[in-house]
Amino acid sequence: MSAQVSYAKEGAAAVLTIENPPVNALNVAIVTGLRDRLKEALDDASVKAIVVTGAGRAFIAGADISEFGKPRPKDAPTLDQVVELLEASPKPLVAAVNGIALGGGLEVALGCHYRVAAAGARVGLPEVTLGIIPGAAGTQRTPRLTGAAKALDLIVNSKQIGAAEAKKLGLVDEIAEGDVVKAAIAFAQGKQPRRVSEIQDKIAADRGHPEIFADYRRDMAKKFRGFEAPFAAVDAVEAAVNKPFEDGRKYERQLFERLVASQQAAAQRHVFFGEREVAKIPDVPKDTPIRKIERAGIVGCGLMGGGIAINFANGGIPVTVVETQQAALDKGLANIRKIFDGNVSAGRLTREAADQRVALIKGTTDYADLKDADLVVEAVFEDMAVKKQVFETLDRVCKPDAILATNTSTLDVDAIAAATRRPQQVIGMHFFSPANIMKLLENVRGKATSKETIATVMELSKKLGKTAVLVGVCDGFVGNRMLYAYRRQAEALLEEGALPQQIDKAIFDFGLPMGPFAMQDLAGLDIGLAIRRRLRETLPALLKLSYIPDRVAEQGRYGQKTGAGWYRYEPGSRTPIPDPAIDKLVVDYSKEQGIARRAIDDTEIVERCMFALVNEGAKILEEGIAARPVDIDIIWIYGYGFPRYRGGPMFWADQVGVKKVYDTIKRLYDKHGGWLEPAPLLERLARDGKGFYSR
Ligand code: HSC
């Protein structure tokens, strides 16, 4: 069906229905259609009231995001113009909000004189998530109905609320018992137009209280560090309170225009579509059969296994957890209960829901109890011999069609699969720690993994509440392999003249939640030490690894858990305090290596670390370990806190210019050699003037 706004008469009411599946996004055709059908209704003398509604499950999911940044036909009306036409209607206009009303969708409803919502409807202004603010007077009308504080909460946090709460806030006038369109028509009877832009009482009460906004800006500063849109949203709501409607609307428009053309908005739009794109695997068709996962198993009830079990329980899937020792099992299950209890005390879960979830998790010391599982995730010690043994056992005890997944973060999934007679049903599910909190899941396809296994595990990932990305087999897969490349540059910078706190600050200011050294202190330096020792055994001589991290760890400084690592920590505190002992260790190491230390500025730090990340990403793409640059971007946003407003490392590289990235990497490689060898793909794109997204 093509996008259209249909027109129907129901007695003396005209019903304008927006039809643009799947979510009735407002593209140029719909906005134009809405204007034209409105005119038709206004011109028809027999029409006494007008109802606007949506076909299917949505009212309107907002402006069509894919049209942002693209040229529009000159004579096409803009959404804000049509919303003003709606409000100006001399005939009463009621929005029959049948389903989700987001962004421009809610703005259309607010342009109507009244709103009647279905009980299951949801409303919100999520524009800030897209790096913009509402652009059809949403920031001006919302506070007129809710007051400034509630409007700020809704808009700045991109909150979506149900019909009942929307009614409580004043955004909705009535909740329909049955058919929402019929209810809207009935509601319109005898009503006069009531224009939201003219409602004064709530904003009049907020006027003269600048502290509402000053306090809000202060409180949100940390959460939205680096983002532009949330702060612009506060400015716009403040204007709604202090300026006449028309001036506030113009001000909102200026802010909207600036933001919609910004690099941040382009990046955040990219992330919106990327989040959906990663679920679609190029060579796994949409109609690939999917197995039902009704029962799961987990081997290992340590920190990781326990966290994974919580995911299954949260997804409503019964799960059996195996540990070989009863004591370890008891400890693991007690930890799981503690995490659920914590959720209850924090108010995130009711006691009843927590108990139901705990009841879905059964412990055992007998592998035979996994015989009915449709899928088993292995989460044991990171050692190939141990893993192979576990998989041999699973292959023996599990039913023939069960899927066997490994949670390895570094080992070869193909070698693990070879320990079974069902390599086509073996896959990696690389959960990030803590598994019950981190949203990212790297699903790792081996050489033999079947499309059915991939499709099943990708679908299951959604049920577990994860953003899953499919990757191929290599050391560290996508996320950690790139992380190693970035860390190696950070370590080289230490040798050449920088200190950990300077590097961490530069990376923090770039937008990551923490720099590489604070991150290692959080994860534990002992894990890295074991990996480095293993790597050194096989690395060619030219690819050297700095010994500085080894020296820190060898002193028993494993990070936060030992009270000292790259930083020191006061007892019970997680705040890193720079430590002169580490500064001395770093400076002494440079001297010992005969390196003359030099002043290194923040720009060089960011470029060295981030360009190395991009260069490794380019190698990963060329090798087919990631199918598309968007897979890498989503991994880095969800797994490592790469700032959403930069769109992920590959998108960011395109914004910076691949040529600049290549030239810098090449210059550094010519000087230092080793790890920074430019990826041929990077070189080719730079030469051809292309980007990762315009190959
Ligand atoms: C906006 O409204 C700006 C306005 O304030 C001002 C405009 C002023 C203009 C002046 C101009 C000069 N557009 O998520 P799903 C696609 S900003 C395009 O898988 P679900 C989606 O990509 C907008 N496409 O389904 C997917 O496509 P695929 C504010 C959109 O049931 C398919 O629909 N609104 C789209 O899990 C299904 O989506 C938002 O930010 C859109 N607006 O969730 C809402 N929305 O199948 C964004 C969806 O090809 N949308 N698509 O992959 C959502 O949050 C979710 O999609 C829903 C549905 C909750 C609507």
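Just so you know, ligand 1 is whichever comes first in the structure, and atom 1 is the first atom listed for that ligand.
Distance from atom 9 (C) of ligand 1 to its nearest protein heavy atom, with residue and atom name: F256 CZ, 4.0 Å. What sits closest to atom 54 (O) of ligand 1 on the protein, heavy atoms only, is L102 CD1, 3.8 Å. Summary of contacts: the protein heavy atom closest to atom 45 (N) of ligand 1 is V23 CG2, 3.6 Å.
At a heavy-atom cutoff of 4.0 Å, ligand 1 is contacted by no atom of T129, backbone or side chain. Heavy atoms of E107 found under 4.0 angstrom from ligand 1 belong exclusively to the side chain. Only the side chain of R253 comes within contact range of ligand 1, with a heavy atom under 4.0 Å; no backbone atom does. Counting heavy atoms closer than 4.0 Å to ligand 1, residue L125 contributes nothing at all.
Checked by distance only, ligand 1 and A63 come closer than 3.5 Å through their nitrogen or oxygen atoms. Considering backbone and side-chain N/O atoms, A25 never comes within less than 3.5 Å of an N/O atom of ligand 1.
Those atoms of ligand 1 with a heavy atom of T78 less than 4.0 angstrom away are 12 (C). Listed by number with element, the atoms of ligand 1 under 4.0 Å from a non-hydrogen atom of I100 are 59 (C). With ligand atoms numbered from 1 in the order given, ligand 1 contributes 32 (C), 33 (O), 37 (C) to contacts under 4.0 Å with heavy atoms of P22. Near G62, meaning under 4.0 Å from any of its heavy atoms, are these atoms of ligand 1: 2 (O). Against a heavy-atom cut-off of under 4.0 Å, P134 is close to the following atoms of ligand 1: 5 (O). Distances below 4.0 Å separate heavy atoms of F273 from the following atoms of ligand 1: 22 (O). Applying the 4.0 Å criterion to heavy atoms of R57 picks out, from ligand 1, the atoms 31 (O). Per-residue contacts place L130 under 4.0 angstrom from the following atoms of ligand 1 (heavy atoms of the residue considered): 17 (S), 23 (C), 40 (O).
For the residue pair Q4 / E19, a side-chain donor-acceptor distance below 3.5 Å is found, with atom types taken as modelled. In this model, no donor atom of one side chain and acceptor atom of the other lie less than 3.5 Å apart for E275 and T467.
Distance NZ/K463 to CG/N311: 13.5 Å, rounded to 0.5 Å. Atoms CG and CG, from L42 and L93 in turn, are 7.5 Å apart once rounded to the nearest 0.5 Å.
Among L169, L110, V172, the one residue that satisfies the side-chain contact (heavy atoms from CB on, under 4.5 Å) test with L145 is L110. Partner E87 forms a side chain to side chain donor-acceptor pair (under 3.5 Å) with one of H113, R194, R141 and no other, that one being R141.
Atom 57 (C) of ligand 1 lies below 4.0 Å from none of the non-hydrogen atoms of the protein. There is no protein heavy atom closer than 4.0 angstrom to atom 36 (O) of ligand 1. Distance screen at 4.0 Å: atom 40 (O) of ligand 1 has a protein heavy-atom neighbour inside the cut-off. Put simply, atom 5 (O) of ligand 1 has protein non-hydrogen atoms near it, under 4.0 Å away.
Seen from the ring of F245, R144 does not count as a face-on cation partner, given the 6.0 Å and 45° thresholds. Figure legend: cation-pi geometry between R276 and F272, with NZ or CZ positioned under 6.0 Å from the six-membered ring centre and within 45° of its axis.
In this comparison of I133, I65, V83, the heavy atom closest to atom 13 (N) of ligand 1 sits on I65. Taking only non-hydrogen atoms, the option from V108, D64, L106 nearest to atom 18 (C) of ligand 1 is D64. Around atom 60 (C) of ligand 1, the closest heavy atom drawn from P21, A136, G104, A61 belongs to A61. The nearest non-hydrogen atom to atom 46 (O) of ligand 1, considering only K280, R276, E275, E127, comes from K280.
Scanning for ring-ring contact (aromatic ring centres under 6.0 Å, His included) contacts around F432 gives H430, Y640, with sequence neighbours left out.
In this structure, the ring of F510 has its center less than 6.0 angstrom from the ring center of W652.
Heavy atoms of P126 approach ligand 1 to within less than 4.0 angstrom.
Under 4.0 Å is where a charged nitrogen must lie from a carboxylate oxygen, and between K70 and E67 no such pair does. In this structure, R253 pairs ionically with D80, as a charged nitrogen and a carboxylate oxygen lie closer than 4.0 Å.
Closest heavy-atom contact between A118 and I175: C-CG2, 4.4 Å.
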Pair E238-R217, salt bridge (charged side-chain N to carboxylate O under 4.0 Å, His left out): steps then yes or no: CA-CA 11 Å; E238 189 169 28; R217 286 188 182 96; 2.7 Å; yes
In a table with atom names and distances, give each donor-acceptor pair under 3.5 Å that connects a side chain of residues 52-59 to protein atoms at least two apart or in another chain.
from : atom 1 : to  : atom 2 : distance (Å)
T53  : OG1    : A96 : O      : 2.9
T53  : OG1    : N98 : OD1    : 3.4

